[in-house]
Amino acid sequence: MTAAATPPVVHARAPGKINVFMKVGALLDDGYHDVATAYQAISLYEEVFARDADDFSVRFRGPIDTRDLTTDGSNLAIRAARLLARTTGYRGGVALDIEKHVPVAGGMGGGSADAAATLVACDHLWGTRLGRDELQTLAAELGADVPFALMGGTAVGTGRGDRLSPALAQGTFHWVLALADSGLSTPEVYAELDRHRERHASDIAPAPEQPAVEVEVLQALRAGDAHQLAEYLYNELQAPALHLQPELAQTLEQGELQGALAGIVSGSGPTVAFLAADADAALELQVALSASRLTVLRATGPVHGARVVSG
């Protein structure tokens with residue numbers, strides 16, 4: 001009697017991201033905001049392992065604390081798998097094991113990377129063979145950052161951040177990431193931005209109807225010039241994130257005192273991303289910030305988007 005064959009496993013990965021520039025439009029009637037952002041995919045990856053199953057399930061492991069993550073139908077990876085099955089008429093399910101390396105609720109798109117990697121893993125596992133454009137359409141249904149996790153590289157995002165235009169980027173940028181002890185809710189950060197704008201309506205410019213990425217940011221990315229990019233790092237969600245977690249201001253100050261070219265809260269926070277001049281400077285900054293008892297990671301960008309590794 002022969003042993004049962006081990007079911008095939010497809011391994012896919014997708015990167016986290018940094019918003020190197022982000023402007024936020026006015027609050028719209030539907031409760032959302034239009035944004036203009038410059039994304040860069042970085043070398044922190046979510047690793048997704050998919051195998052055939054009768055139903056849909058997800059388990060998490062890895063160095064990141066995942067206790068607060070849901071594993072029911074509301075989980076973004078489960079939603080991605082079900083959307084692909086529904087779209088293609090696939091009648092089975094999938095068991096997902098996700099090894100997390102992107103901070104949870106850290107403003108770096110970890111959940112979006114889970115969803116993007118799940119789309120490509122299940123498409124490969126099930127043989128549904130959707131083209132990249134069709135996968136991008138499904139990604140946009142799942143959330144604003146999912147299409148970029150699928151695309152990777154460097155891109156400008158408009159609308160909710162899901163309308164993407166690839167941006168040229170030369171060379172490698174070196175990032176040092178200071179992780180916070182607790183996460184921030186993206187809706188809460190946007191709500192705090194709206195409150196901030198209401199409080200200061202008389203002395204700040206009104207929110208733009210159609211925000212845009214500054215041309216100098218795109219020039220710095222195209223030139224691969226970290227010093228130039230450092231001058232134009234900007235995130236309109238940084239002020240509300242600092243209001244909700246005031247200790248982030250000290251982290252930003254520490255990094256810049258220790259030699260970072262510039263620091264920025266990534267996305268809705270609370271991860272703080274520091275841009276370093278080169279690999280040696282990034283290592284020195286990591287060591288210095290670790291000595292200050294911060295949890296620190298190094299990463300580079302840009303990197304590829306979601307893809308199948310094996311299976």
Side-chain angles (χ1 to χ4, degrees), residues 16-41 107-109 111-112 115-116 133 135-169 173 184-223 225 228-244 262 264-269 273 275 301-302 305:
K17 55 83 180 172
I18 293 171
N19 299 81
V20 302
F21 183 92
M22 191 166 190
K23 274 195 175 176
V24 181
L27 179 64
L28 302 174
D29 292 340
D30 62 4
Y32 287 89
H33 305 73
D34 278 345
V35 303
T37 187
Y39 290 111
Q40 183 162 105
M108 297 186 66
S112 297
D133 288 346
L135 289 175
Q136 284 287 158
T137 299
L138 296 185
E141 293 185 37
L142 293 163
D145 291 338
V146 183
F148 179 69
L150 191 62
M151 175 189 282
T154 305
V156 171
T158 54
R160 303 289 186 268
D162 58 347
R163 294 204 297 266
L164 299 176
S165 302
L168 293 173
F173 292 89
L184 278 173
S185 156
T186 297
E188 180 59 23
V189 175
Y190 274 97
E192 180 59 30
L193 174 64
D194 295 331
R195 291 190 289 267
H196 172 81
R197 286 171 167 172
E198 287 176 13
R199 288 193 298 264
H200 300 281
S202 61
D203 50 45
I204 62 173
E209 286 189 18
Q210 290 187 315
V213 175
E214 302 287 349
V215 66
E216 291 87 355
V217 176
L218 301 178
Q219 289 172 342
L221 290 167
R222 189 163 56 241
D225 188 332
Q228 183 181 349
L229 182 61
E231 292 183 37
Y232 294 102
L233 290 183
Y234 178 77
N235 181 8
E236 203 152 9
L237 295 179
Q238 180 163 303
L242 290 175
H243 193 265
L244 293 169
I264 190 171
V265 171
S266 180
S268 56
L275 182 58

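These numbers come from a predicted model, not from an experiment.
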> Please walk me through it: do Thr158 and Val35 pass side-chain contact (heavy atoms from CB on, under 4.5 Å)?
Replying inline: CA-CA 6 Å; Thr158 54; Val35 303; over 6 Å; no

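- Glu214 contributes atom CD, which lies 8.5 Å from atom OH of Tyr232 (distance to the nearest 0.5 angstrom).
- The two residues Ala169 and Pro302 have their closest heavy-atom pair at CB-CG, 4.2 Å.
- At least one side-chain heavy atom of Arg197 sits under 4.5 Å from a side-chain heavy atom of Glu236.
- The distance from atom CD1 of Ile204 to atom CD of Glu198, rounded to the nearest 0.5 Å, is 10.5 Å.
- Closest approach of Asp225 and Gln228 over heavy atoms only: OD1-N, 2.9 Å.
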>> Pair His33, Asp194 - check side-chain contact (heavy atoms from CB on, under 4.5 Å), show working.
In response: CA-CA 10 Å; His33 305 73; Asp194 295 331; 2.8 Å; yes

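- Within the 4.5 Å cutoff, side-chain heavy atoms of Val189 are placed close to those of Leu244.
- Pairs engaging residues 147-166 under the salt bridge (charged side-chain N to carboxylate O under 4.0 Å, His left out) rule: Asp30-Arg160, Asp34-Arg160 [sequence neighbours left out].
- Residue pairs meeting the salt bridge (charged side-chain N to carboxylate O under 4.0 Å, His left out) criterion with at least one partner in residues 144-157, sequence neighbours excluded, are Lys17-Asp145.
- Counting only heavy atoms from C-beta outward, the side chains of Ile264 and Val20 never approach each other to under 4.5 Å.
- Residue-environment remark: CG (Asp203) exceeds the threshold of 12 foreign heavy atoms within 6.0 Å.
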> Given Leu164 and Tyr39, is the side-chain contact (heavy atoms from CB on, under 4.5 Å) satisfied, shown in steps?
Replying inline: CA-CA 9 Å; Leu164 299 176; Tyr39 290 111; 3.7 Å; yes

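- The two atoms that bring Ala241 and Ser268 nearest to each other are CB-O, 4.1 Å, heavy atoms only.
- Residues Val146 and Ala115 share a closest heavy-atom pair of CG1-CB, 4.0 Å.
- Salt bridge Glu192/Arg195: present, at least one basic N to carboxylate O contact under 4.0 Å.
- Using bins of under 30°, 30° to 60° and over 60° for the plane-to-plane angle, the ring pair Tyr234/Phe21 lands in the tilted bin.
- When all heavy atoms are compared, the tightest approach of Ala220 to Phe173 is O-CZ, 4.0 Å.
- When all heavy atoms are compared, the tightest approach of Ala262 to Leu233 is CB-CD1, 3.8 Å.
- At least one donor-acceptor pair under 3.5 Å links the side chain of Ser266 to the backbone N or O of Gly107.
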>> Would Val265 and Leu237 count as a side-chain contact (heavy atoms from CB on, under 4.5 Å) here? Give the steps.
In response: CA-CA 8 Å; Val265 171; Leu237 295 179; over 6 Å; no

